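This is a predicted model, so every value here is computed, not measured. Convention: sequence-line order gives letters A, B, ...; per-chain numbering from 1. Both backbone and side-chain heavy atoms feed into the values below; hydrogens, waters and symmetry mates do not.
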Amino acid sequence: MDFLLSGFIKAIELLISGDSYTWSAVAATLKVSSISMLLSLGAGLPCGFILGYFNFRGKRALRTVLDTLLALPTVFIGLLVYAFISSKGPMGSFNLLFTLTGIAVGQTILAFPIVAAITASIIENIDPGLKLTLISLGAGKRNTILTCLWEVRYGILAAAVTAYGRVLTEVGISMMVGGNIKWHTRTMTTAIALETGKGMFSNGIALGLILILIAFTVNLSLSFLRKK
Amino acid sequence: MDFLLSGFIKAIELLISGDSYTWSAVAATLKVSSISMLLSLGAGLPCGFILGYFNFRGKRALRTVLDTLLALPTVFIGLLVYAFISSKGPMGSFNLLFTLTGIAVGQTILAFPIVAAITASIIENIDPGLKLTLISLGAGKRNTILTCLWEVRYGILAAAVTAYGRVLTEVGISMMVGGNIKWHTRTMTTAIALETGKGMFSNGIALGLILILIAFTVNLSLSFLRKK
Amino acid sequence: SWAGQSLMMATTTSTDNTGLLDYLIPYFEKETGIELKWTATGTGKALKLGERCDVDVLLVHAPGAEKAYIKKGFGKDRKEIMYNDFVIIGPDSDPAGIKGKSISDALLAVKSKQAIFVSRGDDSGTNKKEKLLWKDAGISLPDKEKWYVQTGQGMLASINVCEERKGYTMTDRGTYIKYQSQKGGNAPLKVLVEGDQILLNQYSVLTLDPKNCPNAKYDLAMKYLNWMAGENAQNLVRDFRLLGKKLFIPNAK
Amino acid sequence: MMTARNRIFEIRNLAHSYNGRPVLLVDDLAFERGSITGLTGPNGSGKSTLLKLLGFALKPSQGEILFNGRVQVPYSRAVRSKVTLLTQEPYLLKRTVFDNIAYGLKIRNRSADLASHIREALDLVGLDFKEFSQRRWHELSGGEAQRVALAARLVLKPEVLLLDEPTASVDVKSAKLIRNASLQAKNTWGTTLIIASHDWHWLSEISDRQLHIFKGQVVSAGMENIIPGPWAPSDLPGLVERSLGNGAAIKAVPPPTPGMTALINIDHIHFKTCDTHDDSVDENHLTGMVTRLILERKTGDILITLSIHDIQLTFKFPSNTISNLELFPGKTITLCFSARHIEWI
Amino acid sequence: MMTARNRIFEIRNLAHSYNGRPVLLVDDLAFERGSITGLTGPNGSGKSTLLKLLGFALKPSQGEILFNGRVQVPYSRAVRSKVTLLTQEPYLLKRTVFDNIAYGLKIRNRSADLASHIREALDLVGLDFKEFSQRRWHELSGGEAQRVALAARLVLKPEVLLLDEPTASVDVKSAKLIRNASLQAKNTWGTTLIIASHDWHWLSEISDRQLHIFKGQVVSAGMENIIPGPWAPSDLPGLVERSLGNGAAIKAVPPPTPGMTALINIDHIHFKTCDTHDDSVDENHLTGMVTRLILERKTGDILITLSIHDIQLTFKFPSNTISNLELFPGKTITLCFSARHIEWI
Ligand SMILES: Nc1ncnc2c1ncn2[C@@H]1O[C@H](COP(=O)(O)OP(=O)(O)OP(=O)(O)O)[C@@H](O)[C@H]1O
Ligand SMILES: Nc1ncnc2c1ncn2[C@@H]1O[C@H](COP(=O)(O)OP(=O)(O)OP(=O)(O)O)[C@@H](O)[C@H]1O
Ligand SMILES: [Mg+2]
Ligand SMILES: [Mg+2]
């Protein structure tokens with residue numbers, strides 16, 4: 001119990017002192033999670049839309065596969081990405097191993113099914129009146145997608161926030177692909193894992209609190225998008 | 001790349017041979033994820049309902065907090081639960097440390113915000129006509145909750161499946177609280193982490209594939225609940 | 001001439017967790033101008049990363065595996081740098097009565113008393129050593145025994161399990177010192193068996209065979225190997241203290 | 001007379017606003033037990049708001065509503081299973097027609113004989129049990145959905161039934177069925193009904209009393225014509241007039257405050273055709289073409305709709321006077337009434 | 001005559017089913033460019049389905065629809081911005097009234113002068129720009145929402161405007177405005193309108209042609225009365241009859257196949273009052289009370305609604321014959337027509 005309290009105090013100290021080690025991890029975390037969120041939203045929203053909007057053969061099977069992808073273990077994704085980008089892998093020449101870009105690729109794979117699956121089930125439940133209205137007002141494909149997504153924006157926000165939480169807290173990919181290299185690819189979560197592994201539980205708690213503070217700040221700045 | 005293929009072959013071997021080590025991890029994973037899903041749905045659905053249905057002061061703030069809880073790192077939750085149930089902790093006498101029950105407690109904390117946040121934003125978007133209809137048909141509180149949740153069952157399913165994916169794949173809590181003890185609290189994910197740490201990448205892939213197969217089976221058996 | 005180049009190393013968690021690298025590497029970088037990045041993982045994975053040429057050099061502690069590694073054509077040069085030692089720890093009450101015994105006797109006592117023994121079970125250098133001890137004592141690995149708890153985790157986590165379960169375990173001295181200090185000098189687990197020659201924990205630097213990994217920076221790796229074996233580094237290792245206690249004994253020849 | 005005992009609803013100083021914009025203001029209004037009240041009024045006048053308030057599905061911004069003599073609020077037990085509202089856009093639960101209608105019964109623990117009750121309710125709205133009961137909520141046409149929603153209310157045999165435009169998008173035959181069902185509810189179960197509708201004839205044939213709501217105010221008990229502006233000062237002293245374009249105009253005494261709305265309450269005035277030429281300054285002579293003659297069954301009176309340039313006015317004549325007038329649609333007649341008969345609200 | 005060139009829509013062998021249940025069957029039907037067609041029919045007869053098909057918002061199960069001479073399908077470019085449908089339950093986008101109306105213009109890249117176009121469209125449906133344009137989608141009454149949805153269609157000045165019950169839940173004044181707006185669209189922009197409605201009078205005043213749909217079939221061009229069953233063999237040989245309860249009955253020649261529906265097409269028959277007693281066996285004598293007399297403005301004809309026991313029938317008389325009949329609501333008259341004038345569909 002005692003380490004919870006001392007962790008809390010340490011978190012405040014780290015924030016006030018502007019500890020450069022902590023800030024480097026914060027920066028890495030922000031960088032990598034922003035990229036992976038952009039990519040997974042960019043891919044996940046249209047895919048989710050298509051799965052939710054249209055009726056086609058094999059749609060239910062695809063949904064089941066997508067739901068299954070929600071259960072991709074991060075270490076597994078890490079291994080997968082590693083297999084491709086390690087120097088012996090087909091994309092070894094890109095030198096993505098032990099880089100933030102590499103982590104972002106893996107996190108995109110992690111977040112994509114979340115964005116797509118939740119989006120699909122939200123889109124699936126839109127009022128049939130909306131579909132009819134859009135087609136009757138002459139919306140083309142692009143406008144149909146954009147307008148539908150905008151109509152369900154609060155739900156999409158929930159999908160994005162959930163995916164963001166996942167990306168922000170994952171360790172397996174960052175560890176495997178990033179290598180937890182100090183000053184370079186050490187993110188908040190790999191730092192927490194490291195400190196905890198060292199038995200520095202209060203450091204782990206402190207870093208965890210700072211990560212939660214980051215999430216809180218992001219969510220607070222998004223909360224203006226919320227329904228009033 | 002080679003270890004992907006050999007991992008795939010190994011996965012089939014493990015499944016066919018009924019390897020007892022693997023099955024012990026599968027059983028632990030299923031046990032612990034079922035308990036935590038039951039608990040988090042039981043708590044998350046009503047909480048999500050209340051947050052989405054009613055308008056009250058501080059609701060937006062609560063939603064932001066809930067969204068932030070989506071970004072609780074699993075190691076952090078692990079530490080938190082550990083602090084309470086370790087023998088020196090306030091609940092040490094329950095002997096929950098290094099047990100599946102202990103893991104389930106942590107995973108419930110992990111899944112609860114997912115269930116509650118997605119449920120809240122789905123409930124928030126229900127047709128105002130439903131609210132009016134229920135009150136006008138004389139539904140009391142319990143019936144209002146149950147009926148509303150049933151009306152948005154496809155969305156709730158998405159929330160549950162997302163939470164299930166999270167629970168199934170988390171490592172931090174299982175490691176910290178469960179201790180990854182062979183034959184006892186070793187789950188699929190901690191086993192994957194271990195194999196990967198040993199450099200046995202193909203074993204990691206094999207176990208990962210088996211975990212995904214579990215998720216697929218569960219989702220397939222849920223897919224009859226899907227909208228046709 | 002090396003300035004601005006960077007070298008990627010895979011190492012075991014113990015070197016990183018004790019803070020040795022954080023202490024040592026800045027000297028290396030200052031003297032050579034080479035930037036050294038390292039990823040700290042299990043020994044098995046570190047060797048694997050080398051085998052797949054994802055790093056340039058290794059710092060590990062599993063002599064048996066290292067020699068086999070070179071034989072298989074993955075590693076080229078191996079330089080022993082330093083050692084510390086393993087100890088067997090257990091509760092003060094010592095229910096199996098192993099204090100002061102030889103290692104084999106101690107393990108036999110644990111087995112016959114069915115006292116809890118915590119093993120890392122992760123195939124790490126430490127775990128490999130532990131398995132060797134059982135073998136030496138003529139005991140087949142008690143894999144499925146109830147009293148033999150395999151954590152599959154790092155050393156410190158395993159010590160914590162050990163403490164909770166009031167059992168015995170084998171640990172490297174560095175981690176034990178950290179554990180001790182975290183308990184404020186009042187650790188429930190005490191060193192019960194130590195000092196045997198077999199308990200030595202040898203750390204070595206390994207370069208990768210350029211035949212297997214033509215792109216690995218072999219020359220930089222050699223530079224690092226030589227620096228670690230050099231007088232300067234050896235002295236630094238000797239002076240390194242964790243919580244006021246010496247941890248590694250340099251032994252580069 | 002309405003005695004205290006047979007007032008099922010009493011409204012006191014009720015005011016409702018949405019986001020600060022006041023939309024309803026009812027100082028004092030009561031509804032008699034077992035009566036049918038018709039609510040009319042233009043779009044946005046506040047009919048639905050009033051029904052939601054009476055259904056305790058909305059909390060009024062101000063004031064109170066008494067049900068059976070006691071102040072009640074949303075979700076209170078005393079009203080929950082007694083007052084039932086059919087909303088303007090009916091919402092069907094995402095289940096079959098059968099389950100939609102069964103829902104209210106089930107939460108009242110009245111599950112005995114479910115099928116026969118549901119069959120009965122579907123009959124009331126003219127839907128065949130066999131054809132419709134197993135349809136899913138979205139497999140219905142607009143009018144069918146409307147009628148299923150009504151059946152789900154009728155099956156409850158509630159003390160009060162609030163119907164918001166029950167006949168919108170319903171066919172003529174069904175509208176008649178709904179009228180009969182309403183009357184049956186009143187007569188058999190003693191249900192009090194309050195029904196909002198734009199179908200003035202349908203409403204007048206069924207309701208005991210009609211309330212007209214205009215800009216959130218209950219204007220009067222009865223049927224009236226709103227005369228849209230613009231009103232301008234007349235050449236005649238002390239009067240204003242609404243030009244009819246063809247040179248003619250409707251004259252009225254000026255409103256107490258500017259911006260008010262003019263109306264002619266047809267229950268308050270006796271109309272006559274201008275046989276003799278009455279030249280008093282404030283007498284209106286309105287010449288227009290008869291477009292409709294409709295029998296009001298309950299009273300036997302006849303409603304005559306006159307089209308005068310761009311406005312339509314409806315007047316009521318006792319049936320015994322009508323046969324003398326030799327009226328038929330297309331005939332042009334002149335009506336006379338005093339400028340003082342135009343009210344301002 | 002409708003020439004090939006001025007047929008904007010042509011339907012060929014169209015059949016639509018939902019989940020295998022056939023609901024619409026139209027072999028051959030064309031719509032003239034620039035005309036207003038009224039669609040009537042009971043609930044569930046297939047009006048909305050037909051409109052969705054014509055709006056290319058639904059793919060027919062079978063058959064094809066030609067637009068401007070070419071077969072088109074949903075989302076095809078040739079129809080997308082030309083055919084606009086107002087659905088029965090209007091759906092507003094979750095934005096302001098302004099943005100709702102602007103939406104269609106924006107996706108057509110017609111963003112110039114947005115505000116003035118929107119003001120104009122709101123005017124057409126009788127909503128004040130200042131009061132309503134910044135309201136959010138849910139801050140509207142039922143009728144207001146309906147009218148905003150219509151404004152969002154009118155603002156597009158489309159080639160074809162399909163309106164599904166545009167006046168349901170709309171007040172009388174607005175119904176008139178919508179009529180005017182429809183006529184204006186036709187006259188000013190040459191818009192072709194197809195309008196489904198249960199408001200038969202409203203529709204007859206605006207449409208050039210009326211189609212009645214019954215059980216998925218387009219019955220006829222014109223106005224008719226459906227005589228609900230049951231039909232039973234008559235005492236008279238070769239006839240069937242529908243008892244009216246008061247001893248009287250309607251006689252008809254039997255249907256070609258059992259289970260068909262009887263109707264009287266009022267455009268096909270000349271009705272007369274039975275002055276002379278015609279005793280031919282197959283002559284119907286129907287005695288009932290006049291309940292309505294309504295002027296059909298366009299033709300000048302008068303529609304007379306007769307209430308005969310439990311059914312209501314409407315007949316059409318030229319206005320010049322009517323004044324001789326001395327009709328008024330409440331009067332009882334007897335009509336005569338041949339049993340052979342009852343059609344079966
Ligand atoms: N949820 C809301 N938020 C804000 N304003 C509203 C809301 N609902 C209705 N209004 C406004 O309140 C007024 C009264 O609305 P109400 O729905 O009671 O009218 P109504 O008489 O039922 O009209 P209609 O005949 O169109 O159904 C209208 O001006 C409307 O714009
Ligand atoms: N989505 C659907 N799935 C299955 N059946 C449907 C669906 N929509 C309509 N129907 C059925 O198809 C038939 C025609 O429906 P449609 O909506 O075209 O009728 P309508 O003439 O517009 O009726 P209304 O006057 O009630 O609006 C009805 O029997 C209806 O029950
Ligand atoms: Mg209303
Ligand atoms: Mg319809």
Over all atoms of both residues, closest heavy-atom pair of A:Leu168 and B:Ala71: CD2-CB, 4.0 Å
Heavy-atom pair with the smallest gap, counting every atom of B:Asn125 and A:Gly155: ND2-N, 3.9 Å
Given the options [options], which has more heavy-atom pairs under 4.5 Å with chain A than any of the others?
options                                : result
B:Leu207, B:Thr217, B:Leu213, B:Ile205 : B:Ile205
B:Leu209, B:Leu157, B:Val161, B:Val218 : B:Val161
B:Val152, B:Thr189, B:Ile118, B:Ile214 : B:Ile118

Test side-chain contact (heavy atoms from CB on, under 4.5 Å) applied to A:Ile181 - qualifying residues, sequence neighbours left out: A:Phe98, A:His184, A:Thr185, C:Met8, C:Lys37, C:Thr39
Tell me, side chain or backbone of [X] under 4.5 Å from chain B's heavy atoms, or both, or neither?
X        : answer
A:Thr68  : both
A:Ile122 : neither
A:Met176 : side chain
A:Leu222 : neither
A:Thr196 : side chain

Close side-chain approach of A:Tyr82 to B:Leu4, heavy-atom, < 4.5 Å: no
Test item: B:Val171 and A:Val171 side chains (from C-beta on) under 4.5 Å apart, heavy atoms: no
Quiz: residues 103-110 of chain A side-chain donor-acceptor pairs under 3.5 angstrom, not counting sequence neighbours:
{"residue": "A:Gln107", "atom": "OE1", "partner": "A:Ser36", "partner atom": "OG", "Å": "3.2"}
{"residue": "A:Gln107", "atom": "NE2", "partner": "A:Val167", "partner atom": "O", "Å": "3.4"}
{"residue": "A:Gln107", "atom": "NE2", "partner": "A:Glu170", "partner atom": "OE2", "Å": "2.9"}
{"residue": "A:Thr108", "atom": "OG1", "partner": "A:Ala104", "partner atom": "O", "Å": "2.7"}

Interatomic distance, B:Phe201 atom CZ to A:Ser86 atom OG [nearest 0.5 angstrom]: 8.5 Å
Value rounded to 0.5 Å, distance of CG in B:Leu70 from CZ in A:Arg166: 11.5 Å
Is it true that atom [atom1] of [X] has more than 12 heavy atoms of other residues, nucleotides or ligands lying nearer than 6.0 Å?
X        : atom1 : value
A:Met37  : CE    : yes
B:Lys131 : NZ    : yes
B:Phe94  : CZ    : no
B:Lys59  : NZ    : yes

Results of side-chain hydrogen bond (donor to acceptor under 3.5 Å, both in side chains) for A:Thr64 - residues two or more places apart only: none
Full working for side-chain contact (heavy atoms from CB on, under 4.5 Å) between B:Phe216 and A:Leu69: CA-CA 8 Å; B:Phe216 181 73; A:Leu69 294 184; over 6 Å; no
Heavy-atom contacts under 4.5 Å, residues 72-79 of chain B to chain A: B:Leu72, B:Pro73, B:Val75, B:Phe76, B:Leu79
